[in-house]
Participant: 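Got a structure for you, questions after.
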Amino acid sequence: MFQILVADSISEEGLAPLISNESIRVIQNKVSEVEDILHEFDALLVRSATIVTEELLSKMKNLQIIARAGVGVDNIDVTAATKQGVVVINAPDGNTLSTAEHTFAMMTSLVRHIPQANISVKSRNWNRTSFVGTELAGKCLGIIGLGRIGTEIAKRAKAFSMTVQVYDPFLTHSKAEDLGVISTSLDDVLSLSDIITVHTPLTKETKDLLSYDNLAKTKKGVYVINCARGGIIDEQALVTYLENGHVAGAALDVFEVEPPLDNRLLEFEQVIVTPHLGASTKEAQLNVASQVAKEIVHFFEGKPVTSSINLPTLSREVFEKIQPYYELANKMGLILSQCMKEAVKEVNITYAGLVTELETTFISKSLLSGFLKSRVASTVNEVNAALIAKERGITFGESYSSSTSSFSNSITVKVIGEKNSFTIQGIYVADYGTRIVMLNGFKIDFNPSGHLLYIQHTDRPGVIGRVGKLLGDIEVNIATMQVGRKEIGGEAIMILSFDAPLQDDTVKTLQKSQDIVSVRKIDL
Ligand SMILES: NC(=O)c1ccc[n+]([C@@H]2O[C@H](COP(=O)([O-])OP(=O)(O)OC[C@H]3O[C@@H](n4cnc5c(N)ncnc54)[C@H](O)[C@@H]3O)[C@@H](O)[C@H]2O)c1
Ligand SMILES: O=C(O)[C@H](O)COP(=O)(O)O
């Protein structure tokens with residue numbers, strides 16, 4: 001008999017496949033109420049309220065699977081779960097429509113002051129002049145992040161006769177065209193929109209995306225909405241711009257700290273809030289609960305699960321053989337993702353030499369997961385990378401080359417975007433390790449690890465010295481440096497490594513330096 005702990009409030013109807021299964025026993029209790037029998041559970045089912053820490057996992061010795069009835073797994077220590085051999089699954093699209101509808105409800109409430117008017121009338125006032133609103137038709141909605149939820153918002157905004165400007169660096173031109181939205185730069189979305197709504201995951205790139213500087217670029221009187229994750233809008237900056245009247249109002253479903261007990265934003269009349277209700281509809285809860293319930297049944301029946309976000313399914317012996325290539329490929333994916341900052345249509349991987357004798361599909365998925373990691377809200381790994389790439393319209397090809405080169409094996413990847421392409425080649429040599437030996441046709445040789453800078457420049461006297469001086473002047477120590485060029489006086493590249501991550505300002509300063517074509521920060 002498998003024992004399942006359902007630790008958060010989850011749709012009873014959605015749990016039916018578990019409750020009706022004779023080999024499964026379902027116990028619905030908070031973790032704190034079953035402390036002494038935690039070691040007995042084989043599965044744990046949660047929403048966002050239960051925080052699944054490494055400490056909790058260490059007490060759940062029998063645990064085989066954690067199911068998140070929803071999208072975000074930020075409340076689960078997935079690394080600790082993976083280390084413990086626990087599969088983590090989620091329900092990535094079951095609450096998309098409900099969250100999009102909630103965002104839309106927040107938008108209409110915000111611009112028509114409905115929550116404030118509601119309180120006023122219930123306080124026996126009849127004040128019609130204080131609540132004059134703004135019409136949505138003809139206004140410009142700025143959407144930051146056009147994934148599952150952002151897409152549904154765009155469709156609804158079009159139906160309300162709004163123009164829609166979108167910033168999503170990973171959005172393809174054809175998807176934008178199909179939806180009838182304008183795909184543009186972040187600065188355009190900031191300066192042209194009457195209302196801005198964010199729908200990205202919370203990553204190091206999107207943390208404080210609406211910062212002091214970016215809010216300063218918005219129209220005076222702009223409205224902002226966050227129904228994605230607390231922290232995408234800098235809460236302190238928002239307080240400042242609400243205080244000085246630049247931002248007319250905000251609608252927030254999520255907060256940096258939840259519940260937001262000690263949060264200045266709650267004091268503003270023009271800020272309307274809900275307690276993380278995006279996914280709180282009967283339909284969404286039924287969807288996410290039944291999706292994960294069916295997956296748990298499959299898992300205990302020994303069938304493959306489709307929404308696993310962590311564990312690969314390879315035997316230990318096979319995994320040990322492919323591990324160096326698997327790690328190299330993942331790093332190559334991370335490098336590509338940080339060098340190629342635009343929508344990508346194709347990822348083509350070519351294997352040559354000894355590596356072709358191994359399970360390359362798994363290596364390719366490792367590359368793809370490295371490449372997609374910073375671009376999507378849900379966790380990406382080898383299990384779900386191909387599916388996510390397909391959803392985003394990215395074609396993914398794998399081939400073997402018989403051409404002989406100076407390396408006994410190599411992995412070469414070409415990523416094709418809408419405007420540019422980028423090529424990288426990596427090798428693994430036993431006792432020497434993994435190396436990147438080619439970038440965009442430039443021969444190079446560096447260890448793919450740590451904090452790197454990729455600089456494209458013109459091969460002229462003084463360029464390398466200028467970069468060194470510029471970094472030295474701001475006390476940045478260069479650990480290693482590699483240069484590569486195709487011909488004297490032509491295009492050239494540098495790869496620099498550092499002991500600590502570089503500041504974005506340093507990258508911007510380098511970018512402006514003479515003879516520098518482009519600079520990309522790479523953190524591995
Ligand atoms: N309030 C709620 O109850 C609730 C419910 C469901 C989801 N969410 C949250 O909503 C957000 C969106 O979820 P989703 O299912 O649409 O995710 P998704 O993965 O389908 O879409 C995320 C989109 O953000 C884009 N993106 C990534 N980095 C970006 C960047 N730096 N700048 C601009 N765009 C970027 C990606 O390309 C992608 O298109 C997530 O944060 C999720 O956790 C909240
Ligand atoms: O990530 C999600 O799915 C949403 O934030 C919803 O969270 P909830 O299940 O706690 O409502």
Side-chain angles (χ1 to χ4, degrees), residues 7-11 14 45-51 67-76 90-103 105-106 142-154 166-172 175-176 179 183-186 189-190 196-210 214 225-233 251-255 258 273-281 284-285 287-289 291-292 309 337-338 341-344 371-380 384 387-389 391-394:
D8 287 331
S9 138
I10 288 173
S11 157
L45 219 166
V46 296
R47 279 175 66 188
S48 59
T50 298
I51 309 299
R68 160 62 161 119
V71 183
V73 286
D74 28 0
N75 54 319
I76 300 169
N90 72 345
D93 54 11
N95 59 28
T96 300
L97 290 179
S98 288
T99 310
E101 287 181 5
H102 188 72
T103 309
M106 290 293 261
I143 302 181
I144 301 181
L146 200 80
R148 296 185 183 94
I149 296 166
T151 300
E152 293 304 324
I153 305 282
V166 172
Y167 170 65
D168 186 327
F170 315 118
L171 172 66
T172 59
K175 179 170 176 191
L179 279 169
S183 172
T184 185
S185 64
L186 178 59
V189 167
L190 295 171
I196 298 174
T197 182
V198 294
H199 298 284
T200 67
L202 179 65
T203 62
K204 63 181 186 338
E205 266 116 24
T206 61
K207 173 90 180 77
D208 296 336
L209 189 72
L210 291 195
N214 281 340
I225 305 172
N226 188 359
C227 291
R229 276 292 178 272
I232 299 172
I233 303 179
L252 308 171
D253 184 45
V254 287
F255 303 86
E258 292 178 7
V273 292
T274 45
H276 202 142
L277 288 185
S280 293
T281 62
Q285 286 313 308
N287 284 342
V288 293
Q291 276 175 16
V292 292
I309 55 163
S337 170
Q338 292 171 81
K341 293 273 181 193
E342 64 176 70
V344 161
F371 182 69
L372 291 169
K373 209 163 272 174
S374 63
R375 300 180 176 219
V376 295
S378 42
T379 307
V380 189
N384 58 9
L387 194 75
I388 290 177
E391 265 183 19
R392 319 249 142 192
I394 301 173

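Note that the numbering runs from 1 along the sequence shown for the chain. Atoms within each ligand, like the ligands themselves, are counted from 1 in listed order.
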Participant: Just verifying a value: how many Å separate I309 CD1 and I76 CD1, rounded to the nearest 0.5 Å?
Facilitator: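 Reported to 0.5 Å precision, the distance equals 6.5 Å.
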Participant: To the nearest 0.5 Å, what is the distance between CG (L210) and CG (L190)?
Facilitator: 6.5 Å
Participant: Taking all atoms of both residues into account, what is the closest heavy-atom pair of T200 and A228, and its distance?
Facilitator: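 Closest approach of T200 to A228, heavy atoms only: O-CB, 3.7 Å.
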Participant: Any atoms of ligand 2 less than 4.0 Å from a non-hydrogen atom of H276? List them with their elements.
Facilitator: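 Ligand 2 atoms under the 4.0 Å threshold to H276: 4 (C), 5 (O), 6 (C), 7 (O).
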Participant: Judged on heavy-atom distance to atom 42 (C) of ligand 1, which of K341, E391, R229 sits nearest?
Facilitator: R229
Participant: Return the option from G278, G72, G147, C227 holding the heavy atom at the smallest distance from atom 23 (C) of ligand 1.
Facilitator: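 Shortest heavy-atom distance from atom 23 (C) of ligand 1: G147.
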Participant: Which of the numbered atoms in ligand 1 are under 4.0 angstrom from any heavy atom belonging to A279?
Facilitator: 3 (O)
Participant: Which option, G145, S98, A228, G94, owns the non-hydrogen atom nearest atom 10 (O) of ligand 1?
Facilitator: A228
Participant: Does L252 offer a backbone N or O that forms a donor-acceptor pair with the side chain of N226 under 3.5 Å?
Facilitator: no
Participant: What atoms of ligand 2 come within less than 4.0 Å of a heavy atom belonging to G72?
Facilitator: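 Answer, ordered by atom number: 1 (O), 2 (C), 3 (O).
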Participant: Yes or no: does H102 have any heavy atom under 4.0 Å from an atom of ligand 1?
Facilitator: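 H102 does not count as a contact of ligand 1 under the 4.0 Å cut-off.
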Participant: Counting N and O atoms only, with roles assigned by atom type, does the side chain of D8 sit under 3.5 Å from a partner on the main chain of R47, one being a donor and the other an acceptor?
Facilitator: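 Yes; judged by distance alone, with no hydrogens or angles, the pair exists.
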Participant: For ligand 2, find out whether one of its N or O atoms is nearer than 3.5 Å to an N or O atom of R68.
Facilitator: yes
Participant: Could you see which bit of T200 sits under 4.0 Å from ligand 1, with heavy atoms only: side chain, backbone, both or neither?
Facilitator: both
Participant: Go through ligand 2 atom by atom and flag the ones less than 4.0 Å from a non-hydrogen atom of R47.
Facilitator: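 Listed by number with element: 8 (P), 9 (O), 10 (O), 11 (O).
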Participant: Rounded to the nearest 0.5 Å, how far apart are CZ of R148 and OG1 of T99?
Facilitator: 11.5 Å
Participant: What do you reckon, does A49 have a nitrogen or oxygen under 3.5 Å from a nitrogen or oxygen of ligand 2?
Facilitator: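 A49 vs ligand 2: no N/O contact under 3.5 Å.
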Participant: Under 4.0 Å from a heavy atom of N95: which atoms of ligand 1 are those, numbered in the order shown and with their elements?
Facilitator: 6 (C)
Participant: Out of curiosity, is T96 lining ligand 1, as in a heavy atom under 4.0 Å away?
Facilitator: no
Participant: Could you list the atoms of ligand 2 found under 4.0 angstrom from a heavy atom of G70?
Facilitator: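 Within the 4.0 Å cut-off of G70, ligand 2 contributes 3 (O).
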Participant: I want to confirm something. Looking only at heavy atoms, which of V71, I149, T50, V46 is nearest to atom 3 (O) of ligand 2?
Facilitator: V71
Participant: Give yes or no for whether the N/O distance cutoff of 3.5 Å, strictly under, is met between R148 and ligand 1.
Facilitator: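 Yes, since at least one N or O of R148 sits under 3.5 Å from an N or O of ligand 1.
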Participant: Return the CD1 to OG1 distance between I153 and T197, rounded to the nearest 0.5 Å.
Facilitator: 5.5 Å
Participant: What are the atoms of ligand 1, with element, lying closer than 4.0 Å to any heavy atom of P201?
Facilitator: 22 (C), 24 (O), 27 (C), 41 (O)
Participant: Below the 3.5 angstrom mark, is there an N/O of I149, backbone or side chain, next to an N/O of ligand 1?
Facilitator: yes
Participant: In terms of atom number and element, which parts of ligand 2 are under 4.0 angstrom from non-hydrogen atoms of R229?
Facilitator: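 Here the atoms of ligand 2 in question are 1 (O), 2 (C), 5 (O).
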Participant: Looking only at side chains, do T274 and H102 share a donor and an acceptor under 3.5 Å apart?
Facilitator: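 Yes, H102 and T274 have a side-chain donor paired with an acceptor closer than 3.5 Å.
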Participant: Relative to atom 22 (C) of ligand 1, which among K207, E205, H199 owns the nearest non-hydrogen atom?
Facilitator: H199
Participant: Could you tell me, atom by atom, which parts of ligand 1 come under 4.0 Å of a heavy atom of D253?
Facilitator: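 Taking each heavy atom of D253 in turn, ligand 1 has 1 (N), 2 (C), 3 (O) under 4.0 Å.
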Participant: Got a second to check how far L146's CG is from R392's CZ, nearest 0.5 Å?
Facilitator: 9.5 Å
Participant: Using modelled atom types only, decide if a donor and an acceptor are shared between the side chain of Q291 and the backbone of A69 within a distance under 3.5 Å.
Facilitator: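 The answer is no, because no donor-acceptor pair under 3.5 Å joins these two groups.
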Participant: Is the backbone of L277 close enough, under 3.5 Å, to the side chain of D253 for a donor and an acceptor to pair up by distance?
Facilitator: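 Answer holds: yes.
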Participant: Could you tell me whether some N/O pair between Q285 and ligand 2 is separated by less than 3.5 angstrom?
Facilitator: no
Participant: Answer with side chain, backbone, both or neither: which part of L277 has a heavy atom less than 4.0 angstrom from an atom of ligand 2?
Facilitator: neither
Participant: Has the side chain of T206 got a donor or acceptor atom that lies under 3.5 Å from a matching backbone atom of P201?
Facilitator: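 Judged by distance alone, yes, a pair lies under 3.5 Å.
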Participant: We want to know whether K175 and T151 form a side-chain donor-acceptor pair, criterion being a heavy-atom distance below 3.5 angstrom.
Facilitator: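 Yes - a donor-acceptor pair under 3.5 Å links their side chains.
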Participant: Do any N or O atoms from the side chain of S98 and from the backbone of N95 form a donor-acceptor pair under 3.5 angstrom?
Facilitator: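 No, the answer is negative, given that no donor and acceptor are paired below the 3.5 Å cut-off.
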Participant: Please list, in number order, the atoms of ligand 2 under 4.0 Å from a heavy atom of S48.
Facilitator: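 Numbered from 1, ligand 2 contributes 7 (O), 8 (P), 10 (O).
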